[in-house]
Amino acid sequence: MLDYASLKVIWWLLVGVLLVGFAIMDGHDMGVGTLLPFVGRDDTERRVIINTVGPHWDGNQVWFITGGGAIFAAWPLVYATAFSGFYWAMLVVLWSLFFRPVGFDYRSKIDNPSWRRLWDWGLFIGGAVPPLIFGVAFGNLLQGVPFHFDSTLQSTYEGSFWALLNPFALLCGVVSSSMITLHGAVYLAHRTEGDIQRRALVWVKVAGWLLLAAFSVAGVWLASGIEGYVITSVIDPNSLPDPLAKTVSRASGAWLANYRHWPLTLLVPMLAYMGTLGAMGLARRGHTFAAFWASAIALTGIIGTAGVSMFPFVMPSSSHPEASLTVWDSVSSHLTLGLMLGATLIFMPIIIIYTRWAYRVMRGKVTAAYVRENSHSAY
Amino acid sequence: MLDNVVDLSRLQFAVTALYHFLFVPLTLGMVWLLVIMESVWVMTGKQVYQDMTRFWGKLFGINFALGVTTGITMEFQFGTNWAYYSHYVGDIFGAPLAIEGLMAFFLESTMIGLFFFGWDRLSRKQHLLVTLLMAVGTNLSALWILIANGWMQNPVGAEFSYQTMRMEMTDFVALLFNPDAQAKFVHTVSAGYVTGAMFVLSISSYYLLRGRNVEFAGKSFRIAAAFGFASVCSVIVLGDESGYTVGEAQQTKMAAIEAMWHTEPAPASFNLLAWPNEAKMENDWQISVPWVMGLIGTRSLSKEIPGIHEIMAQNRLRIASGIEAVKALEVLRGKQPTAEAKSVFEKHKRDLGFGLLVKKYSADVAAATPAMLDAAARDTIPRVAPMFWSFRLMVLMGFAMLGLFGWAFWSSIKGNFAHRPGLLKFALWCLPLPWLACEVGWFVAEYGRQPWTIYGVLPTRLSVSTLSESSLYGSMAGFVGFYTVLLIIEMYLMVRFAKQGPGSLGTGRYDQEAVHH
């Protein structure tokens with residue numbers, strides 16, 4: 001088996017892969033949900049939009065659930081501290097996700113305009129709120145959040161829900177929302193035609209420029225105004241995880257340290273720009289499929305930028321910096337990390353194969369005619 | 001204050017889990033009925049079997065949506081409300097949850113999309129394969145969840161590490177083949193199969209009673225009767241098997257279920273009915289059947305089953321030993337760990353969880369008085385009356401369903417069920433039984449594990465997150481509000497489409513097409 005230190009780094013990468021997978025897969029149907037009330041002008045148009053993701057949203061949502069499970073299994077302290085600390089934020093995510101399964105499945109079962117209108121807004125909430133909150137959560141992680149542990153490693157969160165809604169975090173929320181909206185708009189343009197496609201392409205442009213602006217401002221702010229964290233004691237990456245065994249200090253510009261040490265990592269934020277611009281350009285020329293993958297690269301770059309900036313920190317503590325959670329000291333045991341790596345390597349390719357098959361089966365444009373012909377079985 | 005947070009967290013978990021479990025069993029069972037119906041369609045080419053798959057599939061979908069909705073809550077809740085639990089056992093408990101996602105839930109959720117949307121795009125055999133994979137995914141999902149839950153009941157393959165202050169996995173194979181998990185899995189999925197069968201049987205009976213869509217309803221009735229009869233036999237036989245493993249790993253639960261206060265000479269008698277008196281720790285009266293308990297519980301005539309008083313006496317010894325472990329652990333976690341503390345800790349480590357029970361009475365366990373140890377030992381026994389009665393209620397409902405499915409199966413062999421209004425009405429009125437039995441079964445399993453979240457390892461009281469009471473009241477109100485509204489909507493759609501029947505498919509082959517949409 002791999003040594004403990006390598007597994008710890010691999011799991012940092014794997015959690016990243018799962019987050020990126022979640023953003024690419026669940027992200028596009030959340031983006032579609034966000035755009036639903038604005039792009040669909042009548043019931044048929046809205047049904048077309050919903051049916052572009054109808055067969056897939058459920059499978060896509062499992063990226064989220066598996067991501068949560070993987071964090072539980074690989075980083076139990078992060079799972080415990082973040083989920084309980086961000087209690088209300090998590091509940092808001094959860095409750096907004098409630099609208100999705102029922103919204104998709106129940107909306108078109110009853111032919112009543114107000115019933116359907118209600119679920120359209122439900123699908124909007126289920127699509128728009130989670131990415132916004134995840135962005136805000138990342139914005140707070142980058143600043144550190146106030147928590148500490150007692151000697152038995154019981155965590156106590158000292159902040160409030162409202163403190164999470166600070167300006168930098170809200171800006172990160174804009175980054176995340178516009179990125180998911182862009183991604184959804186590109187997907188929608190790929191799967192539809194005519195008016196819906198035209199409107200989706202407008203949203204590609206709007207969300208794309210907003211994303212570029214917000215990501216740039218957040219980057220400058222991060223480099224100049226946000227204090228990062230540095231481990232000041234010697235760390236043995238192979239040691240047993242103990243988040244109380246180190247010392248940490250805060251320093252402005254510390255989140256740039258990794259880019260200085262390993263200049264190649266500058267490619268990660270570059271990917272965000274290249275992907276976004278690429279998605280916008282390709283979509284405009286009608287290469288919507290390529291645009292989807294360009295947008296996926298943008299997501300990878302943006303999420304990767306947050307990860308690389310903070311590495312090895314995962315959840316810094318602003319009130320007790322030494323209690324910060326890092327990839328070295330918030331992980332599961334050597335055995336569990338190894339086992340879970342094995343499980344992921346076996347199942348992830350299988351998942352990708354049948355997911356690809358499902359999309360192939362359902363490929364092609366969703367049209368008003370399709371919805372009419374299948375009005376009893378389509379969403 | 002803390003105890004209030006603990007109680008509220010438990011209540012919230014119970015409410016959300018019981019609610020989730022309204023939808024899961026039906027999914028587990030219906031999915032196999034869909035596989036059977038569609039297989040018959042693929043083999044015979046008879047249209048009615050495809051219509052059956054699509055119509056029952058539609059109701060399945062309405063149910064599935066809420067199963068998904070409420071399932072995410074369960075995964076969130078370990079982190080939001082049971083943070084210390086998540087830290088303490090995440091190394092073991094998180095793995096089956098993550099593998100469930102990777103191996104099962106992805107499969108089930110991807111295939112369900114193709115099940116509903118793939119009818120015109122897949123060949124018959126491909127579509128059947130999709131339905132089959134959906135069923136496999138659904139059932140594998142239950143397997144991994146019950147491996148996780150089985151470990152809470154019988155924590156094998158793990159050891160406490162004082163350096164990381166948590167339980168760590170030592171043997172994954174032991175976790176997989178935990179006898180508790182195996183028994184729970186077969187019992188739980190069989191209960192789900194019964195639920196699915198009852199659902200189809202009852203609604204088909206409703207159509208038959210009204211003389212509507214007779215061919216469709218009759219064929220559905222036959223399949224449900226056969227599948228239900230096999231499943232209900234399996235629930236009862238394998239439920240007995242689950243009693244056997246409970247006996248080995250959790251004698252406490254068994255003693256409470258049986259209101260067995262004192263150890264009897266083997267083979268013990270079975271209390272058919274009794275009136276447990278918690279204060280006196282006796283039964284006010286009881287009607288017993290000799291030998292039966294010993295046979296069920298130990299599969300032998302000579303092994304004794306310990307009664308509540310004996311279990312408490314054993315546990316009190318373990319609590320005293322556990323206190324030594326807690327004290328040594330505090331030294332080991334402090335600034336100056338000593339070799340002596342380490343050796344004391346190693347000696348008493350297996351009772352650490354029992355030592356932690358005393359924290360309810362004294363934050364400093366070293367200061368615990370003998371009266372506190374007595375109280376902690378008393379706490380290791382769940383309240384007897386709720387266990388005793390809910391178990392009997394579950395078994396009674398199980399046998400009622402055995403009666404129904406036996407009758408239905410026999411009549412469908414003879415082919416006269418459509419002309420037996422008594423049977424059809426009985427089937428219709430039995431509709432709620434499997435849900436009630438499942439909920440009560442959940443209660444027996446989980447309430448019976450108290451005062452532990454992980455039996456013998458981590459007391460429930462120490463498992464919670466550091467949250468305020470007001471947060472708990474707020475989230476509880478939110479869940480109850482959301483869940484009530486969702487249930488009303490779900491029931492409305494379910495009743496509407498069940499009443500309308502296969503006409504809702506809009507194929508032109510059934511009655512009540514006019515109200516379609």
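Each chain gets a letter, A, B and so on, in the order the sequences are listed, and its residues count up from 1. Computed from heavy atoms alone, side chains included, the values below leave out hydrogens, waters and symmetry copies.
Both the backbone and the side chain of B:I62 come within contact range of chain A, each with at least one heavy atom under 4.5 Å from a heavy atom of that chain. With a 4.5 Å cut-off on non-hydrogen atoms, A:T344 touches chain B through its backbone and its side chain both. Both the backbone and the side chain of B:E75 come within contact range of chain A, judged by heavy atoms closer than 4.5 Å. For A:V331, the part sitting under 4.5 Å from any heavy atom of chain B is the backbone (N, CA, C, O) and nothing else. Contacts between B:Y162 and chain A at a heavy-atom distance below 4.5 Å are absent for every atom of the residue. Contacts between A:I351 and chain B at a heavy-atom distance below 4.5 Å involve the side chain alone, from C-beta outward. B:F64 touches chain A through its side chain: at least one heavy atom from C-beta onward sits under 4.5 Å away, while N, CA, C and O do not. If you measure heavy-atom distances from A:Y157 to chain B, you find no contacts under 4.5 Å at all. Contact annotation for B:L102: both backbone and side-chain heavy atoms come within less than 4.5 Å of a heavy atom of chain A. Heavy-atom distances place both the backbone and the side chain of B:I72 under 4.5 Å from chain A. Residue B:L133 does not touch chain A at all, counting heavy-atom pairs closer than 4.5 Å. At a 4.5 Å heavy-atom cutoff, B:V89 makes no contact with chain A through either its backbone or its side chain. Interface residue A:L91: only side-chain heavy atoms are found under 4.5 Å from chain B. Neither the backbone nor the side chain of B:T507 comes within contact range of chain A; no heavy atom of the residue lies under 4.5 Å from a heavy atom of that chain. For chain B, the nearby part of A:R363 is the backbone; its heavy atoms alone come within less than 4.5 Å. Of the two parts of B:E108, neither the backbone nor the side chain holds a non-hydrogen atom closer than 4.5 Å to a non-hydrogen atom of chain A. In this structure, chain A has a heavy atom under 4.5 Å from the side chain of B:F482, while its backbone stays farther away. Interface residue A:M340: only side-chain heavy atoms are found under 4.5 Å from chain B.
With chain B as the partner, the residue from A:G67, A:A74, A:P76, A:S330 showing the most heavy-atom pairs under 4.5 Å is A:P76. With chain A as partner, the option from B:M111, B:Q126, B:M103, B:E168 having the largest number of non-hydrogen pairs under 4.5 angstrom is B:M103. Note on B:G118, B:G478, B:G71: by heavy-atom pairs under 4.5 Å with chain A, the leading option is B:G478.
Checked by atom type, the side-chain pair A:S319/A:E158 shows a donor-acceptor distance below 3.5 Å. Side-chain contact, B:T73 with B:T70: no donor N or O sits under 3.5 Å from an acceptor N or O. No donor-acceptor contact under 3.5 angstrom links the side chains of A:D150 and A:T156, judged on distance only. Donor-acceptor pairing under 3.5 Å is recorded for the side chains of A:Y87 and B:S475.
Checked against the 6.0 Å centroid criterion, the rings of B:F55 and B:Y510 do not qualify as a close aromatic pair. Ring-centre distance between B:F160 and B:Y88: below the 6.0 Å cut-off. For A:F104 and A:W119, the gap between ring centers reaches or exceeds 6.0 Å. In this structure, A:F147 has its ring center no closer than 6.0 Å to that of A:F86.
Between A:G126 and A:L97, the shortest heavy-atom distance links the atoms O-CD2, 4.3 Å.
Ion pair A:D43/A:R107 flagged as a salt bridge, since at least one NZ, NE, NH1 or NH2 atom sits closer than 4.0 Å to an Asp/Glu carboxylate oxygen.
Put simply, the residue from A:T81, A:T152, A:L77 that forms a side-chain contact (heavy atoms from CB on, under 4.5 Å) with B:H87 is A:L77.
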